[in-house]
Trainee: 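The structure is given below, and queries will be raised subsequently.
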Amino acid sequence: MKLHSDNTQQYQTVTGYDAKGVEINAQRFEFSLTVMPEVPPRPWNVARFEDLAAAHFEEIAKDAPDVVVLGTGERQRFVHPKLVASLSALRIGVECMDSQAACRTYNILMGEGRKVTLALIIEQTT
């Protein structure tokens, strides 16, 4: 069996995470964002989990991913099915998990060549 590492440098990879932000390809972001393998990270206008609305997921649906990995912060929380109805109608899966698990899962799926979107909520502290 031949073992080799895949070169994923051309892709958007999570390289670090803490409660205040995330690093994508070693660039730090301290706001909520969406990440896809071949698209630069984009701000996602979600300040808190409680602020999620159907429009946030409709925005993600435009990219037509196979699956959305939703990072909900320090603990796992689940969105109401009404909020993700636009994704469900398109047969796009949504997995909710704490943000650290979401970052790891995104990297795995991205490394497998899946069309995945990481939607990461980074709550702003005041």
Side-chain angles (χ1 to χ4, degrees):
M1 177 180 352
K2 182 178 178 182
L3 298 175
H4 64 281
S5 62
D6 288 333
N7 184 0
T8 60
Q9 290 180 327
Q10 71 269 26
Y11 299 118
Q12 305 303 316
T13 305
V14 177
T15 54
Y17 178 82
D18 60 37
K20 295 181 183 179
V22 65
E23 288 183 5
I24 308 296
N25 293 349
Q27 181 179 355
R28 184 142 177 99
F29 298 88
E30 294 186 346
F31 50 83
S32 298
L33 61 135
T34 59
V35 183
M36 294 185 73
E38 297 176 350
V39 178
R42 294 183 277 201
W44 196 37
N45 190 23
V46 180
R48 302 175 316 134
F49 177 82
E50 294 79 13
D51 296 338
L52 283 171
H56 294 115
F57 295 100
E58 291 165 6
E59 177 183 334
I60 291 171
K62 293 175 186 175
D63 292 320
D66 293 333
V67 65
V68 175
V69 179
L70 176 63
T72 60
E74 291 184 15
R75 63 185 174 91
Q76 182 181 29
R77 298 184 247 180
F78 297 94
V79 294
H80 193 282
K82 289 180 185 178
L83 296 180
V84 295
S86 61
L87 297 172
S88 299
L90 297 170
R91 302 181 71 83
I92 298 170
V94 178
E95 297 293 331
C96 301
M97 52 192 78
D98 69 74
S99 291
Q100 287 187 2
C103 290
R104 291 189 304 268
T105 302
Y106 166 81
N107 278 350
I108 291 168
L109 294 174
M110 181 270 310
E112 293 175 350
R114 299 278 305 273
K115 190 171 181 185
V116 58
T117 295
L118 172 63
L120 196 59
I121 301 171
I122 300 174
E123 294 194 3
Q124 303 300 307
T125 56
T126 53

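Only a predicted model underlies this, so the values are computations on that prediction, with no experimental measurement involved. Hydrogens, waters and symmetry mates play no part in the numbers below; they use all other heavy atoms, side chains included.
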Trainee: Please say yes or no: joined through hydrophobic side-chain contacts below 4.5 Å, possibly via intermediate residues, are Met110 and Val68 part of one cluster?
Mentor: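 Different hydrophobic clusters.
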Trainee: Between Leu120 and Ile60, is there a shared hydrophobic cluster once you connect ILVMFWY residues whose side-chain heavy atoms come closer than 4.5 Å?
Mentor: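 Unlinked, Leu120 and Ile60 end up in two clusters.
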Trainee: Only pairs at least two apart or in different chains count here, so list each salt bridge (Lys or Arg N to Asp or Glu O under 4.0 Å) that has a residue in residues 97-119.
Mentor: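 Applying salt bridge (Lys or Arg N to Asp or Glu O under 4.0 Å) to every pair that reaches into residues 97-119, excluding sequence neighbours, yields nothing.
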Trainee: Between Glu38 and Tyr11, what is the shortest heavy-atom contact and its length?
Mentor: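 Closest approach of Glu38 to Tyr11, heavy atoms only: OE2-CE2, 3.3 Å.
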Trainee: Report the distance from atom CD of Gln100 to atom CD of Gln76, rounding to the nearest 0.5 Å.
Mentor: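 Interatomic distance, Gln100 CD to Gln76 CD, rounded to 0.5 Å: 13.0 Å.
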Trainee: Are more than 12 heavy atoms from other residues, nucleotides or ligands located less than 6.0 Å from atom CD of Glu30?
Mentor: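 Yes - once you tally the heavy atoms of other residues, nucleotides and ligands closer than 6.0 Å, there are more than 12.
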Trainee: Taking all heavy atoms of Pro37 and all of Val116, pick out the closest pair and write down the distance.
Mentor: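 Closest heavy-atom pair between Pro37 and Val116: CD-O, 3.2 Å.
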Trainee: Can you see which heavy atom on Gln12 is nearest to which on Pro41, and at what distance?
Mentor: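 Nearest pair, atom of Gln12 first, then Pro41: OE1-CD, 3.4 Å.
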Trainee: Specify the closest pair of heavy atoms between Phe31 and Leu33, including all atoms of both residues, with the distance to one decimal.
Mentor: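 Taking every non-hydrogen atom into account, O-CD2, 2.9 Å.
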Trainee: Any chance you could measure Thr105, atom OG1, to Glu95, atom CD, to the nearest 0.5 Å?
Mentor: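 Interatomic distance, Thr105 OG1 to Glu95 CD, rounded to 0.5 Å: 8.5 Å.
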Trainee: I need the full list of salt bridge (Lys or Arg N to Asp or Glu O under 4.0 Å) pairs touching residues 51-64, with sequence neighbours left out, sorted by first then second residue.
Mentor: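 For residues 51-64: Arg42-Asp63, Arg48-Asp51.
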Trainee: Rounded at 0.5 Å granularity, tell me how far OG1 in Thr117 sits from CG in Leu70.
Mentor: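 That separation rounds to 11.5 Å.
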Trainee: For residues Val46 and Val35: do they belong to one hydrophobic cluster (side chain heavy atoms under 4.5 Å, members Ile, Leu, Val, Met, Phe, Trp, Tyr)?
Mentor: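 The answer is no; the residues belong to distinct hydrophobic clusters.
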Trainee: Tell me whether Met36 is reachable from Phe29 by hopping between hydrophobic residues (I, L, V, M, F, W, Y) whose side-chain heavy atoms are closer than 4.5 Å.
Mentor: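 In one cluster: no.
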Trainee: Measure across Trp44 and Thr34 and return the closest heavy-atom pair with its distance rounded to 0.1 Å.
Mentor: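 Looking at all heavy atoms of both residues, the shortest contact is CG-CG2, 3.7 Å.
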Trainee: Could you tell me the separation between the CG atom of Leu118 and the CD1 atom of Ile24, rounded to the nearest 0.5 Å?
Mentor: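 Nearest 0.5 Å value for the CG-CD1 distance: 6.5 Å.
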Trainee: Show me the side-chain donor-acceptor pairs of residues 77-90 shorter than 3.5 Å, one per line, residues at least two apart or across chains.
Mentor:
residue, atom, partner, partner atom, Å
Arg77, NH1, Glu50, OE2, 3.1
Arg77, NH2, Thr72, O, 3.3
Arg77, NH2, Glu123, OE2, 3.2
His80, ND1, Lys82, N, 3.0
Ser88, OG, Val84, O, 3.3

Trainee: Among the clusters formed by ILVMFWY side chains lying less than 4.5 Å apart, do Leu52 and Val94 turn up in the same one?
Mentor: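 Per the 4.5 Å side-chain linkage, Leu52 and Val94 are co-clustered.
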